[in-house]
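In the text below, chain A, chain B and the rest are named by the order of the sequence lines, each starting its count at 1. Bear in mind that the values here come from a model prediction, so they are computed numbers and not experimental data.
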Amino acid sequence: MSKQIQVSGLDAYYGAHKAIEDVSMTIEPRSITAFIGPSGCGKSTFLRTLNRMHEVIPGARVEGKVLLDGDDLYGASVEPVSVRRMIGMVFQRPNPFPTMSIYDNVAAGLRLNGRLPKSQLDGIVEESLKGANLWNEVKDRLTKPGAGLSGGQQQRLCIARAIAVKPQVLLMDEPCSALDPISTLAIEDLMAKLKDEFTIVIVTHNMQQAARVSDRTAFFNLAGQGQPGKVVEMDETSRMFTNPSQKATEDYITGRFG
Amino acid sequence: MTLQQEAARRPRGVQHISTGRRVKDRFVQGLVYLAFAMAVVPLVSVLWLVISNGLARFDLEFMTHSMRGIGARDAGGGAYHAIIGTVEQVLLASAISVPIGLLTAIYLVEYGNGGRLSRAISFFVDVMTGVPSVVAGLFILAFWILFLGMPYSGWAGAMALSILMMPTVVRSTEEMLRLVPADLREASYALGVPKWRTIMKIVLPTAFTGIVTGVMLAVARVAGETAPILLTVFFTDSINNDPFSGPQMGLPLYVFDQAARPNDTAIDRAWTGALTLILIVMLLNLVARLIAWWRAPAKGR
């Protein structure tokens, strides 16, 4: 199910502005990789290049290579839609579809790609909601609107929606930044469970979170205002937080930044 | 003034609202109510006039008979032919302008990206909004009837009306589509849903209620147009169910015609015609509201 991502020499642009420069890294399967760094350093931009969501923004483009188990995602003949089916994404703000019920939200990815009989769909919806630790809370109100759930539940609904299409990789862009500590804990527990099946990449501003959940951590930084962001250091999370090799990483992690 | 003086001058603790502010508050409140009343007075008085004068002939004969064989001074007669004409013409006009308007708005919001073509379209839509209704009628008269040699028909009227409807539909749909958060589109793309399906299944349903309201406003505007109808559907006293051949009638035209006649029976018919027109627009509105309510984003928890 889960695959390795290899990035080499990746640059991302918004129009003429270069947002990230020369990023190379390997993201291991069945593990959680965390991206940390100050705001505006390109963590989210980089995350979005991994499933070709970056180019959705007008004027945005990418140079370099992203290999998913050896297949170049930016190859000339690659269909971006198929990439996004393999690499799912959870966003910063919970964004369930407002016109759909809880059930329809989870089924959306499968249904909008058109197929599957109802019985099979029922099974996948239940499995995905259980996978997102939400089944017990919503099983009696699957036909109620998804927008009626609390923020934490909505975010788990979005995770259920993302894993229902059975991606190889799950990208999470600050999935807990809009949530309270209890919901955050629920989602962190969920991530630990999901990593048995998926390759997970998470962007976070919360360094404790990165330290708690991730196996490997990459620190992004930018040289100055208007400069492109770069990866300063990437290593095992335990080493990053105890004995980083770069001074900038240590400064950032210990809060002595800038 | 030193800081100490400043601090001493500033009253401490809870303050009471000064009389001056209370007076100002009352004054502005009064102005708002006055503006509201001024806006409502014409509406109420129009409704009152039309209803009180229109009820006299608001009967079964009016709804089921045409003006065929009704002499200049005769009582009786009805607007059945005009009702049929208006309903058919407005539906045809909607059938032309709603798909075109929707697709234009989708292009502008989802595909245009502020490019040269989309700016040009925006500009011409704005220009079209300002086209007087006579000009729309004259255009169809000159192009369809005089130049192409087509006969007067309900269809010609519908085309003239659709010219008036289209910009309204484009503008209101565009507004509604822009209100759909980009988050939802991204959520859909991230599930591997292609762009066109995202638009069909996520963006349009989310904006549906607003789009229906916009279309209804356009319909209401167009249903009462006299000039373009006058120039394109010609005129008839008989029932013509086929909008594609032969002259038709329309309610605004009927009111215009009857009101110009010098006897009271005709004037009564004109008032009832106006009342019927208002009712038809209200009915269409109601139907649209029902559809919108039924398809609205699910509420409650």
Side-chain angles (χ1 to χ4, degrees), chain A residues 47-48 51-59 79-102 104-114 138 141 143-150 153 157-158 161-167 170-173, chain B residues 102 106-119 121-122 173-174 176-213 289-301:
Chain A
L47 192 76
R48 290 166 63 95
N51 67 341
R52 298 195 64 166
M53 284 292 287
H54 178 62
E55 65 207 50
V56 167
I57 298 162
E79 161 79 283
V81 166
S82 67
V83 171
R84 294 179 203 136
R85 270 175 214 169
M86 284 188 290
I87 306 181
M89 189 160 192
V90 175
F91 296 84
Q92 182 171 1
R93 282 198 319 186
N95 51 2
F97 299 128
T99 51
M100 296 185 188
S101 66
I102 293 171
D104 291 340
N105 259 290
V106 180
L110 297 162
R111 232 182 232 164
L112 293 180
N113 292 323
V138 300
R141 46 171 174 160
T143 57
K144 296 277 159 57
L149 298 172
S150 75
Q153 289 172 327
L157 179 63
C158 292
R161 181 175 68 185
I163 61 180
V165 289
K166 304 227 166 22
L170 199 56
L171 308 177
M172 303 176 118
D173 190 355
Chain B
L102 271 181
I106 289 173
Y107 174 79
L108 287 177
V109 176
E110 305 287 339
Y111 293 96
N113 289 336
R116 197 176 291 171
L117 179 60
S118 74
R119 270 178 293 147
I121 293 174
S122 267
T173 306
E174 196 190 342
M176 289 305 137
L177 293 181
R178 285 198 199 284
L179 283 180
V180 176
D183 286 12
L184 293 182
R185 294 188 182 90
E186 293 203 334
S188 178
Y189 296 151
L191 290 172
V193 181
K195 185 164 183 170
W196 68 272
R197 265 198 102 92
T198 301
I199 293 169
M200 293 294 295
K201 298 285 179 180
I202 306 293
V203 178
L204 284 179
T206 309
F208 185 77
T209 317
I211 294 175
V212 168
T213 309
R289 290 260 153 246
L290 272 176
I291 297 172
W293 169 80
W294 173 60
R295 288 291 311 272
K299 296 169 216 73
R301 20 190 90 207

Contact class of A:F97 relative to chain B, heavy atoms under 4.5 angstrom: both
Among the options A:V81, A:V90, A:L112, A:N51, pick out the one with the most heavy-atom pairs lying under 4.5 Å from chain B. A:L112
By a 4.5 Å heavy-atom criterion (distance strictly below it), what part of B:N113 contacts chain A: side chain, backbone, both, or neither? side chain
Of the listed residues (A:M89, A:M53, A:R93), which shares the most heavy-atom pairs with chain B below a 4.5 Å separation? A:M53
Side chain, backbone, both or neither: which part of A:I102 has a non-hydrogen atom closer than 4.5 Å to chain B? neither
Contact origin within B:I202 toward chain A - heavy atom pairs under 4.5 Å: side chain
Taking B:D183 for its side chain and A:N95 for its backbone only, find out whether a donor-acceptor pair lies under 3.5 Å. no
Is it the side chain or the backbone of A:R111 that comes within 4.5 Å of chain B heavy atoms, both, or neither? backbone
I need the A:I57 CD1 to B:E186 CD distance, nearest 0.5 Å. 6.0 Å
Sort A:P96 into side chain, backbone, both or neither according to what part of it lies under 4.5 angstrom from a heavy atom of chain B. backbone
Heavy atoms under 4.5 Å from chain A: which residues of residues 191-200 of chain B carry them? B:L191, B:G192, B:V193, B:P194, B:R197
